[in-house]
K.L.:
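Mind having a look at this structure? Questions to follow.
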Amino acid sequence: KEHDAIRLADKGGCSDCGRPMADKMADFALETQGASVISTRCSETYRIRSACVTLFGFPLWYPSESPRTVIQGYPVLLPGKCWAFHGVQGILVISLSHPVRITHVTLDHLPRYNSPTGRIDSAPKDFEVYGMKNDTEEGTLLGTFTYDENAESTQTFQLPSPSDEVYRYVELRVLSNWGHVEYTCLYRFRVHGKIAST
Amino acid sequence: KEHDAIRLADKGGCSDCGRPMADKMADFALETQGASVISTRCSETYRIRSACVTLFGFPLWYPSESPRTVIQGYPVLLPGKCWAFHGVQGILVISLSHPVRITHVTLDHLPRYNSPTGRIDSAPKDFEVYGMKNDTEEGTLLGTFTYDENAESTQTFQLPSPSDEVYRYVELRVLSNWGHVEYTCLYRFRVHGKIAST
Amino acid sequence: KEHDAIRLADKGGCSDCGRPMADKMADFALETQGASVISTRCSETYRIRSACVTLFGFPLWYPSESPRTVIQGYPVLLPGKCWAFHGVQGILVISLSHPVRITHVTLDHLPRYNSPTGRIDSAPKDFEVYGMKNDTEEGTLLGTFTYDENAESTQTFQLPSPSDEVYRYVELRVLSNWGHVEYTCLYRFRVHGKIAST
Ligand SMILES: [K+]
Ligand SMILES: [K+]
Ligand SMILES: [K+]
């Protein structure tokens, strides 16, 4: 009795159509892949939702999102499903999943059309990215970037002068936001590049 | 040493292609945004899966889905990942995330092609939507609608006579379904409109 | 006072555009639908991520993924979000959600462009699928298939000689992988066919 393998070809082939380029690159800041948040350098988490109610038996308490949310790769960006920190300046130090020669970083924020206010003033604006070989050194500035509130939800930035240096840690420093006076929200941050042979 | 910001443009631009219009509007019934289910007015939750088995160390007990499932914004509709209630009539009272001038509502159900039976007879058919300014008042009928079992999975309905009234609560009353004699299943319900300046 | 139902038509209609055919078929191995993993016949789970660190108050311990991951229908494939077993041979016995006349099976693996190494050498290569009417019988070979490391991420296979037999259990036997010497990873496995009238 013989069984032949038959694989069905998927025609159409526009499966990439419309997806941001970041979705087609490896992300070395992804938690499932082994990355982790190791510090926020005392950035203070902001509790957007403070509701703590139980009614008719449903638990209605919303824990604030932790910084880990930023590297967990949720398939859709849901309003409020982000790490919020007080003010406009916040820091995230990430232990990468692998040693990497970094070429790009990506920042995601909720699309404006999904925002209840029609604004995304809690989105980061200017931010810096640093690379570190170990978790004690100072860090090398890899680039200063600006998230554009009027552009696509997922924005990928090329490093201005990518080097052959291999980094194991990345520090994201948000410097300003788009106008929200109380907090800034990070939905997702990704790190792209070439894995270093170890 | 200077670092210039370089943002990569995402060409293609068909990222909206094929997505239902509801995905491009704010949803004021979304739990991550601050909405909550405050009552089901004694609708009886139906336990679709009653399995409670442990074999080879894997826990195989399936808790029934709570009404919160309906406003949690899951990125894909998985069969059975819905709030099921006994019979054809069920009620969901939602505290909206913000005070809103409501213009549309959306009801999602599992696509027929993903249903194991090829039918979606547990889908809601006729339903009413009420708006309330507080959680004690009667509620104003905003519209009576019909979910079409033969149309798209995600169906958005425009209110017949949208007003300037600002509502903080919405009541969804399902009146009938597409033929299932035991239960009706709600996958997702969304509320759209303009946020009221507070 | 009368309220007329107005349903908004979603134009565009390319919502299927680019999605694999497997996404448009019912999946009888899906946990939310009632399926369950009942055995792995002593396949040894491999712990890809062994990190167990707590730093600055963040819990950083990664539990290994269980075989249930393979039938939970996650909307995106995240690297490492898979059931890994030691070596190249592993077995998964699934109790289907309904009795089925099986026509196709689907195997998903992480796309190569999302892999940190650019390789998917932990992907299954050759595998067999068996059908069982009860959980004690031997099992009938339904087909031997090969997952192609160079083809689409989601691959659907037609059974070479589909019969009228109704099966309640399916056994997946992975026989080889694409070169990884330590482990093989299963991201998702699906079973398609016609539900049997019961
Ligand atoms: K925002
Ligand atoms: K159904
Ligand atoms: K892999």
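In what follows, chains carry the letters A, B, and so on, assigned in the order in which the sequence lines appear, proteins first and then strands, with residues in each chain numbered from 1. The shown structure was predicted, so the numbers you read here are calculated from the model rather than taken from an experiment.
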K.L.:
Nearest 0.5 Å, please: how far is NZ in C/Lys81 from CD in A/Gln33?
P.N.:
14.0 Å

K.L.:
So how far is it from C/Thr117 OG1 to A/Lys194 NZ, rounded to the nearest 0.5 Å?
P.N.:
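Interatomic distance, C/Thr117 OG1 to A/Lys194 NZ, rounded to 0.5 Å: 11.0 Å.
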
K.L.:
On a heavy-atom basis, which atom in A/Gly73 and which in C/Val76 lie closest, and how many Å separate them?
P.N.:
O-CG2, 4.2 Å

K.L.:
For C/Pro116 versus A/Ala26, what's the shortest heavy-atom pair and its separation?
P.N.:
CA-CB, 3.9 Å

K.L.:
Quick check: does any side chain N or O of C/Asn114 sit under 3.5 Å from a backbone N or O of A/Met25, one acting as donor and the other as acceptor?
P.N.:
yes

K.L.:
Please check: side-chain N/O of A/Thr32 versus main-chain N/O of C/Gly80, any donor-acceptor pairing under 3.5 Å?
P.N.:
no

